[in-house]
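What's counted below: heavy atoms across the whole structure, side chains too, no hydrogens, waters or symmetry copies.
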Amino acid sequence: MNGGGAGKPRSRLRSLIQTQVLALLLLCLLLYNGSTMFWLLAPPRDLRAALEVSPVTAAAEAHSRKSTALMSAVKEETPAVVSTTHQARTVKRVVRRGSPQFKTLRLEARPKRFAARVTRFFQARNGSDPLCEPRFFMTWISSIDSFGARELFSMQSLFNSNPRACLVVISSSMDSKQGVKILKPFVARGFRVIPVAPDFAFLFRNTQAESWFDNLRRGQVNPGDIALGQNISNLLRLALLYKFGGVYVDTDVIILRSFSGLRNVIGAQAMNSESRNWTRLNNAVMVFDKKHRLLYEFIKEFALTFDGNKWGHNGPYLVSRVVSRVAQDENWRKADKSNFTVLPSQAFYPMDWSRVGSLFRGPGDEKDSKWVSDKLRQIYAESFAIHLWNRQSKKLRIEDGSIIGRVAADHCLFCKDSGASPAL
């Protein structure tokens, strides 16, 4: 009995020692993890020095802070279908010479005679040839294999409504034998369209985009997680209009009527239902004179506030920020050469991206049929174009009796010759 009684305290003592040792080990592990997390949150001086902002970045941040109060109403939102912004990386990602992005976008390319080719194309070829009315630009910063039916139909609608227009497709991939072959059906019918590879150095010269682009090529600009081609296109369209003047349209825009009467306009994407004031603009359709002051401000804003991690920051939200700011400047309202007009959303964006699917659906009952008829009548009466919001609609099927089905049938050039249904 006594031996068994003495063994129990020893057993309890052994158990207590084991528990204390385990607790000590856990405490050491927590202390180690805590020191590691502290290093991650507060990197050593050498790493912090490597991540310090450059004078250009500091100037951009100061510019952004200065503008914050004027742009509080321009809230940046990301469409639901677009991937959410990735967490910020500790080390900036840069574009290197020879990288896949450089090869795809051909950022180093400097095509010969770019300006001469574009200028000569816009001029009358002979006395009987009409001048371009108006001048259109599109950009295509993707592979030629992805240039498909929707892009071609956008061109068909353009020439159907503007038969005397000239269209320059700014694209390295389309400026090729295959690209010329793709556009041959338009040329064969007498329409004026040409693909031209961009000369970035020429287009960005004497603007703040010049230094930004040089820094990008040197690997000193973080391109971010948004496709670089998308942001290059945002800048390219501004530079094209600044250098040449004319009309820029995205390749997912259906043109409904002549643009000849439009001058120095940009369209509202969204408007306040009560005040009818715009709440957001978009850059998918723009019409401006050569060297218009507002275009210069757009380009300046791009270079100073570029952010490759926020969808739309360098595009629709950029033009919204700038117009919101200059609208409060008395000098802009007094200078005739700086006049411009913001058209209501019905002009280019009769259906918002969040509801664009309704344009592709056919009527299911009498109520639907009435809505389709009323909406189509409104679009034809008030809209110059329809933006299809390709990200949201590219996989949608055009149903019988839908608005897009009817619009496509009315504005298809080649269908009239072949009797075939339009492809989108």
Side-chain angles (χ1 to χ4, degrees), residues 79 134-142 146-163 165-171 174 183 186 191 193 195 229-230 233-234 236-238 240-241 246-262 265-270 280-288 312 315-316 319 342-360 375-376 378-380 382-394 396 398 402-413 422-424:
R135 303 175 174 185
F136 280 89
F137 290 97
M138 290 180 173
T139 62
W140 187 252
I141 315 294
S142 301
S146 58
F147 194 91
R150 177 164 291 191
E151 291 73 32
L152 287 170
F153 185 79
S154 179
M155 291 184 180
Q156 289 189 57
S157 70
L158 187 157
F159 286 116
N160 183 76
S161 301
N162 299 265
C166 292
L167 171 61
V168 177
V169 182
I170 302 296
S171 171
M174 288 290 288
L183 300 179
F186 294 95
F191 298 112
V193 55
Q230 177 178 320
S233 176
N234 283 328
L236 196 54
R237 68 190 66 181
L238 301 174
L240 285 165
L241 293 184
V247 183
Y248 170 82
V249 292
D250 273 354
T251 55
D252 61 343
V253 171
I254 298 179
I255 307 298
L256 302 177
R257 62 171 71 179
S258 173
F259 273 51
S260 296
L262 296 180
V265 300
I266 190 168
Q269 175 185 326
R280 188 183 309 165
L281 306 182
N282 199 285
N283 63 338
V285 182
M286 296 182 291
V287 186
F288 282 101
V319 294
V342 175
L343 295 181
S345 56
Q346 193 65 28
F348 305 135
Y349 313 100
M351 189 62 70
D352 189 64
W353 63 266
S354 61
R355 297 184 296 130
V356 70
S358 61
L359 298 180
F360 289 76
K375 188 63 178 178
L376 186 62
Q378 181 189 32
I379 288 174
Y380 276 161
E382 302 177 15
S383 301
F384 286 88
I386 303 176
H387 189 202
L388 297 182
W389 308 106
N390 198 43
R391 284 177 174 269
Q392 286 72 34
S393 69
K394 61 183 177 182
L396 297 180
I398 302 176
S402 66
I403 291 176
I404 292 301
R406 297 185 187 185
V407 169
D410 291 343
H411 293 80
C412 178
L413 275 179
L424 279 175

For the backbone of [Y] and the side chain of [X], can you confirm whether one donor and one acceptor N or O come within less than 3.5 Å of each other?
{"X": "Glu382", "Y": "Ile379", "value": "no"}
{"X": "Ser358", "Y": "Arg355", "value": "yes"}
{"X": "Gln156", "Y": "Leu413", "value": "yes"}
{"X": "Arg257", "Y": "Ala385", "value": "no"}
{"X": "Trp140", "Y": "Pro195", "value": "no"}
{"X": "Ser161", "Y": "Leu256", "value": "yes"}
{"X": "Ser393", "Y": "Trp389", "value": "yes"}
{"X": "Ser383", "Y": "Gln346", "value": "yes"}
{"X": "Asp252", "Y": "Asn390", "value": "yes"}
{"X": "Ser345", "Y": "Ala268", "value": "no"}

How long is the straight-line distance from CD of Gln392 back to NE2 of His387, given to the nearest 0.5 Å? 8.5 Å
What is the distance from atom CG of Leu240 to atom CE of Met286, rounded to the nearest 0.5 Å? 9.5 Å
Given the rule in the side-chain contact (heavy atoms from CB on, under 4.5 Å) test, do Val342 and Leu281 qualify, once you have shown the distances and angles that lead to the verdict? CA-CA 8 Å; Val342 175; Leu281 306 182; 3.6 Å; yes
Smallest separation among heavy atoms of [X] and [Y], with atom names:
{"X": "Tyr349", "Y": "Gln269", "value": "CD1-CA, 4.0 Å"}
{"X": "Val265", "Y": "Phe288", "value": "O-CE1, 3.8 Å"}
{"X": "Pro163", "Y": "Asn160", "value": "CD-O, 4.2 Å"}
{"X": "Leu388", "Y": "Val356", "value": "O-CG2, 3.7 Å"}
{"X": "Tyr248", "Y": "Ser233", "value": "OH-OG, 4.1 Å"}

Run the side-chain contact (heavy atoms from CB on, under 4.5 Å) check on Asp410 and Tyr380 step by step: do they pass? CA-CA 11 Å; Asp410 291 343; Tyr380 276 161; 2.7 Å; yes
Sorted by chain and residue number, the side-chain contact (heavy atoms from CB on, under 4.5 Å) partners of Asn162 (sequence neighbours excluded) come out as Pro134, Phe136, Ala165, Ile255, Ser258, Phe259
Not counting sequence neighbours, which residues clear salt bridge (charged side-chain N to carboxylate O under 4.0 Å, His left out) with Asp250? List them please. Arg237
Let me see the working for Val253 and Ile386 under side-chain contact (heavy atoms from CB on, under 4.5 Å), right down to the final yes or no. CA-CA 6 Å; Val253 171; Ile386 303 176; over 6 Å; no
Which residues share a side chain to side chain donor-acceptor pair (under 3.5 Å) with Ser171, sequence neighbours left out: Ser173
Cys412 versus Phe153: any side-chain heavy-atom pair under 4.5 Å? yes
Audit row: Met155, Met138, side-chain contact (heavy atoms from CB on, under 4.5 Å) steps and yes/no: CA-CA 9 Å; Met155 291 184 180; Met138 290 180 173; 4.2 Å; yes
